[in-house]
Protein chains: 2
Amino acid sequence: MTTTDETQAARPAGRPRSARAEKAIIDATLDLMGEGISLAELSIEAIAARAGVGKTTIYRRWSNKEDLVVDALAKLKSPLPEMGGRSVREDLIAYLEVVRRDACDARSRCVLNIAMNDAERHPRLVERIRQATIEPRRAVMSALLQRGIATGEIRADLDVPVAMATLVGTVMWYVRSVGLDGVDGLPHDIAERIVDQLLAGLASR
Amino acid sequence: MTTTDETQAARPAGRPRSARAEKAIIDATLDLMGEGISLAELSIEAIAARAGVGKTTIYRRWSNKEDLVVDALAKLKSPLPEMGGRSVREDLIAYLEVVRRDACDARSRCVLNIAMNDAERHPRLVERIRQATIEPRRAVMSALLQRGIATGEIRADLDVPVAMATLVGTVMWYVRSVGLDGVDGLPHDIAERIVDQLLAGLASR
DNA sequence: GCGTAGCGAAACTTTAGCGTATCGAAAACG
DNA sequence: CGTTTTCGATACGCTAAAGTTTCGCTACGC
């Protein structure tokens with residue numbers, strides 16, 4: 001057909017698509033969702049306006065809203081917490097520090113908002129988010145606690161699911177209650193304080 | 001002006017407003033919000049249809065959506081947890097059991113959803129919810145932990161704000177993660193297990 | 001029983017977003 | 001340079017929902 005080698009590049013004729021526009025669209029989508037806009041309220045027109053882009057440019061890439069949101073959330077995937085592995089206590093602190101930072105970040109928060117609020121209305125989308133984002137983190141946390149049990153740092157009869165809810169839930173709830181006033185007013189060592197208090201227990205000796 | 005005594009009743013002429021319709025409107029509002037409808041998506045038409053009422057009947061009582069929601073949430077105010085007071089451990093369990101039940105109840109959940117998601121868009125409304133619903137519960141929980149410190153059941157150096165986030169956050173997060181699959185599949189003694197594990201601590205002795 | 005005001009139903013006007021089409025300009029390629 | 005495709009902008013027809021108004025009917029007090 002054409003004179004170009006189709007088996008390799010097959011670069012299409014004409015002006016190439018702007019990577020800059022694509023990034024602006026993704027960013028605008030994440031920004032709007034980070035501002036608390038629900039999936040239902042999110043409008044293509046608002047995204048186009050925010051991105052400084054024509055609606056055509058969006059519809060040329062994504063045929064509907066859900067596809068765009070999936071792609072946008074995929075770009076968001078922050079790396080799994082990096083843990084030194086020296087002690088379970090230190091790894092728990094490092095993990096919760098990442099959770100704390102995510103909980104304070106509007107863009108990361110919107111992932112959880114969607115997962116929790118739109119589960120019934122967009123089951124496939126929510127399931128994709130669960131598999132891609134939530135499950136890997138749960139697995140890391142679970143493995144970490146199991147390792148602690150093996151090394152003796154953690155009590156052998158630990159209820160692991162409850163402990164995972166405790167560690168993450170404490171950070172999330174703390175940020176949402178105390179930290180609502182000023183997100184930056186959080187103590188910088190909150191992750192360490194939480195881990196130490198939970199390891200030691202609330203009761204007196 | 002009129003012949004009636006205006007200082008007291010000043011009952012207006014004509015057909016009185018139907019208390020039955022008013023209750024139906026409030027109930028429909030709470031039901032819809034309990035189904036996960038956000039404040040922005042909540043439509044007067046949906047409320048009218050659900051309540052079996054004309055839109056006129058709603059607009060005659062509330063001039064806008066926010067006023068209606070405030071009134072509806074005010075009717076929702078569930079009683080503060082009743083605690084026996086025998087031991088701090090038992091009271092904590094009783095308190096968390098109430099939290100667990102609220103976390104599973106759609107109508108109660110919607111209060112928190114609004115408080116967390118619509119804080120920026122409806123600051124006055126959210127503040128009213130905080131003062132009426134959240135703060136009293138935080139005060140009860142704080143007093144309970146202080147009592148535990150006084151009686152020696154709780155360690156004296158407890159970080160009370162962190163501990164409050166731990167107790168409530170664990171229940172909320174547990175319900176949201178484990179309980180998402182089947183709300184009724186929750187262990188019935190989850191409050192007791194959470195309290196005991198937190199009192200004892202996660203570390204081995 | 002008359003007047004008044006609330007009742008539910010339905011028609012209306014307005015607004016917002018969707019998805020498509022069209023435009024002149026711009027960017028890559030041969 | 002000419003072709004091809006994308007760019008941002010704008011306009012269009014369509015649908016859904018909001019909020020307002022109208023209408024015939026109903027319930028209560030005088």
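Every chain is numbered from 1 and lettered A, B, ... according to where its sequence line falls, protein lines coming before strand lines.
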Find the distance A:R15:CZ to C:dA27:P and express it as a whole number of Å.
6 Å
Donor-acceptor under 3.5 Å (B:D189 side chain, B:E192 main chain):
no
Between A:I25 (CD1) and D:dT6 (P), how many Å, whole number?
13 Å
Would one find a side-chain N or O of A:S18 under 4.0 angstrom from OP1 or OP2 of D:dT6?
no
Nearest to the side chain of A:S43, which nucleotide is it out of D:dC28, C:dG17, C:dG8?
C:dG17
Looking at side-chain heavy atoms only, is the closest gap between A:R137 and A:V99 below 4.5 Å?
no
What is the separation between atom CD1 on B:I44 and atom P on D:dA17, rounded to the nearest whole Å?
14 Å
What is the distance from OH of B:Y59 to C1' of D:dT22, rounded to the nearest Å?
16 Å
C:dC7 OP1/OP2 closer than 4.0 Å to side-chain N/O of B:R60
yes
Just wondering, are more than 12 heavy atoms of other shown residues or ligands nearer than 6.0 Å to CZ in A:R128?
no
Please check the phosphate of D:dT6 (OP1 and OP2 only) for any side-chain N or O of A:R17 closer than 4.0 Å.
yes
Check the distance between C:dC18's C1' and A:I47's CD1 and give it to me in whole angstrom.
13 Å
Nearest to the B:P16 side chain among D:dC7, D:dC28, C:dG8, which nucleotide is it?
D:dC28
Using a heavy-atom cut-off of 4.0 Å across all strands, would you classify B:T56 as base, sugar-phosphate, or nothing?
base
Which whole-number value in Å describes the distance from A:K55 NZ to D:dT6 P?
19 Å
Would you check if A:D91 and A:R147 make a side-chain contact, meaning some heavy-atom pair closer than 4.5 Å?
yes
Using heavy-atom distances to pick each residue's nearest nucleotide on DNA chain D, tell me which of B:S63 and A:G14 is more 5'.
A:G14
Base, sugar-phosphate, or nothing: which does B:R61 touch, judged by heavy atoms less than 4.0 Å apart?
sugar-phosphate
Separation of C:dA16 P from A:E41 CD (nearest whole Å)
15 Å
